[in-house]
Structure formats: structure tokens, C-alpha cells
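A note on names: the letters A, B, ... follow the listed sequences, proteins ahead of strands, and every chain is numbered from 1.
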2 protein chains.
Amino acid sequence: MAARGYGQDSGLATAVERVGERWALLVVRDLLVGPRRYTDLRRGLPRIPTNILAARLKELQEAGVVRRVPLMNCGLVYELTPYGRALEPVVLALERWGLEAPGAPQPEGGDAVSADALTMTLRSLFRPEVAASVPDADYELHLDPVVLRVRVEGDALRIAQLAPSAVPVGGRMPEGEPDVALALASVAALRGLASGALTPADALDEGVARILRGEGTLIERFAATFRLAPGQASRPSGER
Amino acid sequence: MAARGYGQDSGLATAVERVGERWALLVVRDLLVGPRRYTDLRRGLPRIPTNILAARLKELQEAGVVRRVPLMNCGLVYELTPYGRALEPVVLALERWGLEAPGAPQPEGGDAVSADALTMTLRSLFRPEVAASVPDADYELHLDPVVLRVRVEGDALRIAQLAPSAVPVGGRMPEGEPDVALALASVAALRGLASGALTPADALDEGVARILRGEGTLIERFAATFRLAPGQASRPSGER
DNA sequence: CCGGATCCGAATCGATACTG
DNA sequence: CAGTATCGATTCGGATCCGG
């Protein structure tokens with residue numbers, strides 16, 4: 001027993017012992033969007049075995065990362081503790097690193113997108129300095145099964161999940177029409193826009209991006225606001 | 001087969017598929033200090049099974065993170081590719097998060113410290129803004145088996161490993177005497193100083209820190225320069 | 001439906017031994 | 001020095017089952 005440790009007394013070894021197990025950081029990522037129920041987590045992580053999810057949640061609780069909160073009107077949710085929320089810079093940095101392609105763009109067939117995953121991807125790409133220097137904008141972003149309402153106000157970012165499951169996150173349901181509704185064919189398209197490998201014009205030409213409604217030129221502003229900063233994968237956590 | 005994926009098309013899922021396996025980030029951390037030979041990595045990670053190290057190195061190469069470089073005078077080293085070096089913000093952020101204690105200070109008995117681990121811990125704690133605002137300093141840091149020469153010049157940090165294995169990193173062997181040589185009893189002491197839970201004066205009183213030679217008051221400057229910034233675990237990668 | 005617990009085969013990990 | 005081979009101990013994945 002006790003043979004599972006790394007035998008190292010360092011911050012990194014401690015960290016990976018706490019959140020390094022399979023699926024753990026994916027669970028944390030979804031919880032960074034907001035408190036979630038057991039079933040919500042399963043929906044967001046379709047391929048996680050139920051016993052593994054239960055085991056991870058137990059371990060994350062023991063590590064002080066996650067807290068189990070009973071809901072007044074029946075049911076319960078899991079939410080991050082302050083210590084767990086301190087993982088946000090880690091998750092955002094890993095997210096950005098994963099978005100950079102080393103060479104071959106992997107096929108990614110059959111892989112789906114979840115609302116929470118896309119929400120955190122956008123958060124990781126958000127550039128407050130750029131946002132502050134352009135007019136406010138209100139986007140509706142469609143990516144296969146998920147629809148997000150993405151509002152950029154000053155240097156702040158707010159995202160609500162319209163589909164699936166129309167549960168508004170971080171506030172009430174957004175009223176009014178977005179400035180533009182745009183649809184991306186895949187995460188690869190977002191990856192391309194974010195890295196600069198794909199220009200908005202090319203994306204529209206090739207059909208990997210489409211304007212559903214509204215002012216189509218705003219796609220340029222979108223691409224400038226959500227961008228992988230070259231040579232600087234880590235930024236101070238910024239928003240929220 | 002292919003059942004090992006996370007079935008998610010997001011940056012985080014991609015990232016953990018590439019560097020999420022056991023030991024992988026520890027290997028990357030050691031390589032962030034500099035190119036290392038197979039045997040060096042084994043020494044720095046005493047509990048890694050040799051077959052696992054071989055497997056990780058193979059996977060990291062296929063992921064484009066690590067490169068195998070033959071040495072002219074016999075032997076070979078592993079080194080990070082530019083894409084692998086882009087993991088530095090991730091490793092530093094995880095390192096900082098792991099240094100924060102959630103509640104109970106885990107025993108950590110029998111765990112050792114390696115020169116590379118301590119080097120990266122110091123890098124993760126380094127605050128360039130503080131360093132730039134105080135006079136330059138030249139520390140010799142002893143922590144059980146490892147001895148580091150830590151030079152702070154302006155807002156830059158340079159670390160050489162004096163022991164074990166006296167292989168200077170990132171330059172030639174430092175000449176001259178350090179301003180102060182100080183010894184810490186354990187990583188827990190460094191953790192305490194970095195978090196502010198332990199003041200330098202208390203550390204000296206309790207004997208978890210000792211001045212071996214030189215100007216003892218410099219421990220204050222050391223503690224100010226290598227510090228876990230409260231409420232801001234992520235900083236732009238900064239140095240180097 | 002929600003929140004898991006249980007069982008089992010498959011893949012991975014850990015420890016040791018061995019080799020070019 | 002730089003790994004490969006082997007084998008038992010864990011963990012993971014997939015499915016099913018169960019109490020509210």
C-alpha cells in the first residue's frame with residue numbers, strides 16, 4: 001500500500017496526486033462553469049463510466065477540491081471549493097495548450113462537444129485587452145449540438161448556455177437578439193480561427209463558418225477577441 | 001481499441017490525452033530545466049519504473065512534446081520541442097497550486113527532493129516584479145541532498161545545480177561566493193515561507209531554516225522574492 | 001429519473017530481472 | 001547506458017442493478 005505516490009515532495013507531485021487521475025481535470029473543468037449535479041456531469045462527459053465518476057468525486061472531496069451541496073428543493077449539486085476554483089488558471093492553460101496543434105490535425109471523429117467544454121474553451125481564448133479596445137458585442141454561437149450566448153462587455157465575458165438543456169449559467173436568460181448568430185462546423189474551425197491558421201473570410205468561404213442571422217462582419221471581431229496569443233499561452237486569470 | 005480516448009473534442013481533452021498519463025508531467029517538468037539523459041530522468045524520478053519511463057518518452061515523442069537528440073560524444077539526451085516548452089505555464093501553475101495546502105499538511109514521509117524539482121519550484125515562486133524592486137542577490141540554497149545556486153539579477157532568475165551531480169545548468173559553474181548560504185529543513189519550510197504561513201524569523205527560531213554562511217538578513221529578501229502571490233496563482237510566464 | 005454500488009474482463013502500472 | 005521482458009497487483013471501462 002501507499003505505493004501509488006510519486007515519492008516526491010514537490011508542488012507538482014502533490015498536484016498530480018490530487019487531480020492527476022484520469023477524468024479528474026475534466027470534471028473540474030465542468031464544475032468551473034458552475035455547480036453541477038451528478039447527472040449533469042455524466043451528460044457532459046458521455047464516456048465516463050459511472051463508477052469512475054463516483055470515485056473521482058469522492059477523491060476530489062477528500063482532496064478539498066469539491067464540495068457536495070444538498071439542494072433545498074430536493075437533489076444535490078457538486079461545486080468547487082475556493083481551493084478547487086484556484087485550479088482555473090491550470091485548466092485554462094492546459095486548454096490553450098491543447099488547442100495548439102503540434103503538426104497533424106487529429107481526426108477527432110465521433111467526438112462530441114459539450115456546452116461546458118465549449119464555454120471553458122471560449123474563456124481560455126478570451127482576451128480582455130482586445131475586448132476592451134473594441135465595441136461591445138453580443139454573439140450567438142452554434143456548434144453542432146450546443147448553442148451559446150456570448151456577451152462581451154468592456155473587458156468582461158459572460159456566457160449563457162442556450163442549448164442543450166437551456167439552463168442559464170451565471171445569471172438569467174439573456175433577453176433580446178444577439179448582434180450576430182454564427183455557426184461553426186466543428187471545434188477544428190474554432191481552433192483554426194483562434195490560432196490564426198484560418199481567417200474569418202476563408203472560414204466563411206469554405207463553409208466551416210456560416211452567418212445565421214445578423215451582422216456578418218462581426219465574425220472578424222469575434223476572431224480577434226477569442227484568440228490564442230502567439231508565444232504567450234498563459235495570461236493572468238483575468239475575468240470573473 | 002481507441003477506447004482510451006475521452007470522446008471529447010476540446011483543448012483540455014486533447015491536452016490530457018497527450019500529457020495526462022501517469023508520470024508524464026513530471027518528466028516534462030524535469031526536461032523544462034534542460035535536456036536530460038535517460039539515466040538522469042531516472043535519478044530525478046526515483047520511483048518511476050523503467051518501462052514506464054520508456055513508454056512515456058515514446059508517447060511524448062509521438063505527441064511532438066519531446067525530441068531524442070544524439071550527443072556527439074556518445075550518448076543521447078531527451079529535450080523538449082518548442083511545443084513541449086509551451087507546457088511551462090501549465091507546469092508552473094500546477095506547481096503553485098500544489099504548493100498551496102488545502103488544510104492538513106500531509107506528512108510526506110520518505111519523500112525526497114530532486115534538484116530539478118526544486119529548481120522548478122523556485123521558478124514557479126519567482127516574482128519578477130519583486131525582484132526588480134530589490135537589490136540583486138546571490139543565494140546558495142541547501143535542501144537535504146540538493147544544493148542550488150540561485151542568482152537574482154534585476155527581474156531575471158538563474159539557477160545552477162551544485163549538488164547532487166554538479167552539472168551546471170543554463171551556463172557555466174558560478175564563480176565566487178554567494179551573498180548567503182541558507183539551509184531549509186524540508187520542502188514544507190519552503191512551502192510555509194512561500195505562503196506566508198511561516199515568517200523568516202520564525203523559521204530561523206524553529207530551526208527549519210538555518211544560515212550556513214554570509215549575510216543572514218537576506219532570508220527576508222529571499223522570502224519576498226519567492227512567494228505564492230495571494231489570489232493570483234497564474235502569472236505570465238515571464239523569466240528566461 | 002437521480003445518485004450511485006456491484007461485478008467482471010481488459011488495459012495499465014509497478015517491481016524486478018535481464019540484455020545489446 | 002539505455003532500454004526490453006515478464007508477471008502479479010491495480011485501475012479502468014462497460015454493463016447491470018438497486019434504493020429513494
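The separation between A:Glu59 atom CD and D:dT11 atom C1' is 10 Å, rounded to whole Å. When the P atom of D:dC12 is taken as reference, atom CD of B:Glu17 falls 16 Å away, rounded to whole Å. Remark: P of C:dC13 and CG of B:Leu26 are 13 Å apart, rounded to the nearest angstrom. Taking atom CD1 of residue B:Ile52 and atom P of nucleotide D:dT10, one finds them 15 Å apart after rounding to whole Å. Note: CZ (B:Arg47) to P (C:dT16) measures 11 Å, nearest angstrom. Summarising the geometry, the separation between CD on A:Glu21 and P on D:dT10 is reported as 15 Å, rounded to the nearest angstrom. Straight-line distance from the CG atom of A:Leu53 to the P atom of D:dG14: 14 Å, rounded to whole Å. Taking atom CD1 of A:Ile48 as the reference point, atom P of D:dG13 lies 8 Å away to the nearest angstrom.
Distances shorter than 4.0 Å separate none of the side-chain N or O atoms of A:Arg22 from OP1 or OP2 on C:dT12. The phosphate of D:dC12 (OP1 or OP2) has a side-chain N or O of A:Arg56 nearer than 4.0 angstrom. Residue A:Trp23 has no polar side-chain atom (N or O) positioned under 4.0 Å from OP1 or OP2 of D:dC12.
Axis angle between the ends of the helix from C:dC1-D:dG20 to C:dG20-D:dC1, five pairs each and rounded to 10 degrees, works out to 30°.
Legend: residues meeting side-chain contact (heavy atoms from CB on, under 4.5 Å) with A:Asp40, ordered by chain and number and at least two apart, are A:Arg36, A:Arg37, A:Arg43. Looking at residues two or more places apart in sequence or on another chain, you find a side-chain contact (heavy atoms from CB on, under 4.5 Å) between B:Ala24 and B:Arg56. Every residue meeting the ring pair (Phe, Tyr, Trp, His ring centres under 6.0 Å) condition with B:Tyr83, not counting sequence neighbours, appears here in chain and number order: A:Trp97. Every residue was checked against the side-chain contact (heavy atoms from CB on, under 4.5 Å) condition with A:Ala112, not counting sequence neighbours, and none meets it. A search for ring pair (Phe, Tyr, Trp, His ring centres under 6.0 Å) contacts involving A:Phe226 returns A:Phe126, A:Phe222, not counting sequence neighbours. Under the side-chain hydrogen bond (donor to acceptor under 3.5 Å, both in side chains) criterion, A:Thr119 pairs with A:Gln161, not counting sequence neighbours. Qualifying side-chain contact (heavy atoms from CB on, under 4.5 Å) partners for B:Glu153, counting only residues two or more places apart in sequence or in other chains: B:Asp136, B:Arg151, B:Arg158.
Taking 4.0 Å as the cut-off between side-chain N and carboxylate O, A:Glu95 and A:Arg123 do not count as a salt-bridged pair. Between A:Arg47 and A:Asp111, none of the side-chain N atoms (NZ, or NE/NH1/NH2) sits under 4.0 Å from a carboxylate O, so this pair counts as no salt bridge.
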Could you list the protein-to-nucleotides 18-20 of chain C atom pairs, N/O on both sides, closer than 3.5 Å?
none

Pairs: protein N or O with nucleotides 2-8 of chain D N or O, under 3.5 Å:
residue: D:dA2; atom: OP1; partner: B:Leu76; partner atom: N; Å: 3.4
residue: D:dA2; atom: OP1; partner: B:Leu76; partner atom: O; Å: 3.3
residue: D:dA2; atom: OP2; partner: B:Thr39; partner atom: OG1; Å: 2.9
residue: D:dG3; atom: OP1; partner: B:Arg68; partner atom: NH2; Å: 2.5
residue: D:dG3; atom: OP2; partner: B:Tyr78; partner atom: OH; Å: 2.4
residue: D:dG3; atom: N7; partner: B:Thr50; partner atom: OG1; Å: 3.3
residue: D:dT6; atom: O4; partner: B:Asn51; partner atom: ND2; Å: 3.4

List, one per line, each side-chain donor-acceptor pair under 3.5 Å for residues 61-69 of chain A, sequence neighbours excluded.
residue: A:Gln61; atom: NE2; partner: A:Leu57; partner atom: O; Å: 3.3
residue: A:Arg67; atom: NH2; partner: A:Glu79; partner atom: OE2; Å: 3.4

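Residue pairs meeting the ring-ring contact (aromatic ring centres under 6.0 Å, His included) criterion with at least one member in residues 15-67 of chain A, sequence neighbours excluded, are A:Trp23-B:Tyr6.
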